[in-house]
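I have placed the structure first, in the form of structure tokens, so that the comments after it can refer back to it.
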Amino acid sequence: QAMTYKSAAEAKANMARDWGVSESVVDSSIAAVKANGGFGQTRSVWATKQLAATGTGYEDSAQMYAAIARASGGNLDLAQSMWGEMRGTSERAGRTDLKAAYGMGAGLLSNIKASGETRTDQIRQKFATDFADLGLDAARGVDNMTIMRQKPKAIRNFMRDLETSQQINQAIVENPSATPVEREQANIKLGQIRAKMENMQEYKAYGPEINSEYLHGQRTVQVAERDERGVPTEAIVNVDAGLERSLPHAVRAQEKAAGQVMPKWNDAPPAAQMSYEQERQRRIPPEEALRSGADRPPEPPAE
């Protein structure tokens with residue numbers, strides 16, 4: 001995570017906010033990067049792509065897109081190339097929530113570049129509606145059995161995106177100032193969302209219990225901006241509302257203690273799953289390496 005920045009100063013100024021870590025973690029991660037070749041554009045791009053391959057490196061699409069925006073340094077061709085590669089690695093790592101249609105993702109990267117934003121919190125807020133659409137597209141592109149065997153973060157994000165999109169489109173349908181075309185498009189999306197959510201419920205037995213719990217998390221969506229007719233144009237999502245209440249306390253505590261690293265459940269049917277600790281030790285690199293990118297860094301360019 002520290003290596004996704006191009007310099008130690010940039011990491012020090014932004015890492016705690018972008019990744020939700022403490023200042024002590026920031027300092028130790030920066031020291032680890034310096035001890036293993038240092039910062040730079042090449043390593044920033046490498047680390048950003050590597051986090052997608054772990055399946056646990058990114059909390060959600062907003063965090064991943066922000067990292068791409070920083071690493072690409074305003075080069076849209078590089079950003080879209082990185083996105084194309086990371087779509088595939090995320091899917092193979094059990095994170096289909098990060099894999100939307102290439103054209104949708106590339107278009108959003110273009111809009112993010114035009115905005116000039118690279119901070120995760122600002123990107124998540126400013127493009128909340130776009131991320132909800134990406135989540136809906138990603139969910140519709142994956143069969144329900146596969147979804148339920150994804151990492152728990154994927155299920156959580158699918159439900160956030162689906163419920164956010166549902167509330168936004170319901171507001172459009174109910175707004176008397178919306179045009180017939182806008183209402184028709186919103187109704188089509190509402191039908192897609194309801195069908196997907198119902199189907200996911202039917203297949204919840206195919207995944208671990210924690211994934212079923214995430215299906216019941218409640219979220220609140222606050223409409224932040226409307227156009228002159230009152231039609232929603234932007235939303236702010238309270239991403240944790242109801243989550244603590246819906247998940248068993250012991251499971252939530254275990255997830256936090258493990259640095260939010262969860263097992264790769266989709267390799268085998270539930271009966272053949274390894275224990276949490278066995279799976280974590282077998283697949284997940286040390287947390288310090290995950291944060292610093294220092295496990296397998298590329299060689300620095302020759303002078």
Next on the checklist: If the threshold is 4.0 Å, N to carboxylate O, is there a salt bridge linking Arg156 and Asp97?
Outcome noted: no
Checklist outcome for this item: Shortest non-hydrogen pair, Arg43 vs Gly38, comes out as CD-O, 3.1 Å
Item to check | Same cluster (ILVMFWY, side-chain, under 4.5 Å), Val173 and Ile193 | outcome: no
Checklist entry - Would you say Tyr5 and Asp18 make side-chain contact, with heavy atoms under 4.5 Å? => result yes
Item to check | Intermediate values then yes/no, side chain to side chain contact (heavy atoms under 4.5 Å, CB included), Glu23 and Met15 | outcome: CA-CA 9 Å; Glu23 289 296 335; Met15 186 176 170; over 6 Å; no
Checklist entry - Okay, side chain of Tyr58, backbone of Thr48: is any donor-acceptor separation there less than 3.5 Å? => result yes
Checklist entry - Would a hydrophobic clustering, with Ile, Leu, Val, Met, Phe, Trp and Tyr connected at side-chain separations under 4.5 Å, put Leu190 with Ile168? => result no
Item to check | Evaluation steps, side chain to side chain contact (heavy atoms under 4.5 Å, CB included), between Leu76 and Ser110 | outcome: CA-CA 7 Å; Leu76 184 58; Ser110 179; 3.9 Å; yes
Checklist entry - Is a side-chain donor-acceptor pair under 3.5 Å present for Asn75 with Lys113? => result no
Next on the checklist: Tell me whether Arg149 contacts the main-chain N or O of Tyr206 through its side chain, where contact means a donor paired with an acceptor under 3.5 Å.
Outcome noted: yes
Checklist entry - Counting N and O atoms only, with roles assigned by atom type, does the side chain of Arg140 sit under 3.5 Å from a partner on the main chain of Gln192, one being a donor and the other an acceptor? => result no
Next on the checklist: Using the rule that Ile, Leu, Val, Met, Phe, Trp and Tyr join whenever any side-chain heavy atoms are under 4.5 Å apart, tell me whether Trp46 and Val33 fall into a single cluster.
Outcome noted: yes
Checklist entry - Does some side-chain heavy atom of Phe131 sit less than 4.5 Å from a side-chain heavy atom of Arg160? => result no
Checklist entry - How about Lys34 and Phe39: do any of their side-chain heavy atoms sit closer than 4.5 Å? => result yes
Checklist entry - Under 4.5 Å between side-chain heavy atoms, hopping through other hydrophobics if needed: is there a path connecting Ile172 to Ile188? => result no
Next on the checklist: Quick check against the 3.5 Å criterion: does Gln80 have a side-chain atom that pairs as donor or acceptor with the backbone of Leu109?
Outcome noted: no
Item to check | Residues Lys126, Glu117: salt bridge by 4.0 Å N-O rule | outcome: no
Checklist entry - Does Arg95 reach the main-chain N or O of Thr56 with its side chain, forming a donor-acceptor pair under 3.5 Å? => result no
Item to check | 4.5 Å side-chain heavy-atom contact, Glu163 and Met197 | outcome: yes
Checklist outcome for this item: Interatomic distance, NZ@Lys99 vs CG@Asp137, rounded to 0.5 Å, equals 9.5 Å
Checklist entry - When rounded to the nearest 0.5 angstrom, what distance separates CD1 in Ile123 from CG in Leu108? => result 8.5 Å
Checklist outcome for this item: Rounded to the nearest 0.5 Å, the CG atom of Asp130 sits from the OG atom of Ser61 at a distance of 11.5 Å
Next on the checklist: Using the rule that Ile, Leu, Val, Met, Phe, Trp and Tyr join whenever any side-chain heavy atoms are under 4.5 Å apart, tell me whether Met3 and Leu78 fall into a single cluster.
Outcome noted: yes
Checklist entry - Taking the side chain from Ser90 and the backbone from Arg87, do they hold a donor-acceptor pair closer than 3.5 Å? => result no
Checklist entry - Does any non-hydrogen side-chain atom of Glu182 lie less than 4.5 Å from one of Asn175? => result no
Next on the checklist: Are the side chains of Lys49 and Ile68 in contact, using a 4.5 Å heavy-atom criterion?
Outcome noted: no
Next on the checklist: Less than 3.5 Å apart, any donor N or O on the side chain of Gln170 or Gln166 sitting next to an acceptor on the other?
Outcome noted: no
Item to check | Derivation of the side chain to side chain contact (heavy atoms under 4.5 Å, CB included) call for Lys196 and Asn144 | outcome: CA-CA 8 Å; Lys196 193 64 183 182; Asn144 300 301; 3.1 Å; yes
Checklist entry - Where do Thr146 and Asp143 land on the side-chain hydrogen bond (donor to acceptor under 3.5 Å, both in side chains) test, with the steps shown first? => result CA-CA 6 Å; Thr146 298; Asp143 68 273; 2.7 Å; yes
Next on the checklist: Treating Ser81 as the side-chain partner and Asp77 as the backbone partner, does any N or O pair qualify as donor plus acceptor under 3.5 Å?
Outcome noted: no
Checklist entry - Under the 3.5 angstrom rule, does the side chain of Gln125 hit a backbone N or O of Asp121 as a donor-acceptor pair? => result no
Next on the checklist: I'd like to know if the side chain of Arg183 reaches the main chain of Pro176, judged simply by a donor and an acceptor atom lying under 3.5 Å from each other, with no hydrogens or angles considered.
Outcome noted: yes
Item to check | Any Asn14 side-chain heavy atom under 4.5 Å of Arg70 side chain | outcome: no
Item to check | Check: Ser22 and Val25 side chains under 4.5 Å, non-hydrogen atoms | outcome: yes
Item to check | OH on Tyr203 to CE on Met145, rounded to 0.5 Å | outcome: 6.0 Å
Item to check | Over 12 non-hydrogen atoms of neighbours within 6.0 angstrom of CD in Gln41 | outcome: yes
Item to check | Euclidean distance, Leu134 CG relative to Asn157 CG, rounded to 0.5 Å | outcome: 12.0 Å
Item to check | Phe127 and Tyr65: CA distance, side-chain angles, deciding distance, ring-ring contact (aromatic ring centres under 6.0 Å, His included) verdict | outcome: CA-CA 11 Å; Phe127 298 98; Tyr65 278 63; 9.3 Å; no
Checklist entry - Distance only, no hydrogens: is a donor on one side chain within 3.5 Å (strictly under) of an acceptor on the other, for Ser165 and Asn169? => result yes
Checklist entry - Taking atom OG of Ser29 and atom NZ of Lys12, what is their separation to the nearest 0.5 Å? => result 10.5 Å
Checklist entry - Does Ile112 offer a backbone N or O that forms a donor-acceptor pair with the side chain of Ser115 under 3.5 Å? => result yes
Item to check | Salt bridge Asp60-Lys153, side-chain N to carboxylate O under 4.0 Å | outcome: no
Item to check | Closest heavy-atom pair and its distance - Gly57, Gln1 | outcome: O-NE2, 3.8 Å
Item to check | Donor + acceptor pair across side chains of Thr96, Gln150 (<3.5 Å) | outcome: yes
Item to check | Verdict with supporting geometry, Thr120 and Arg17, side chain to side chain contact (heavy atoms under 4.5 Å, CB included) | outcome: CA-CA 8 Å; Thr120 300; Arg17 179 187 58 228; over 6 Å; no
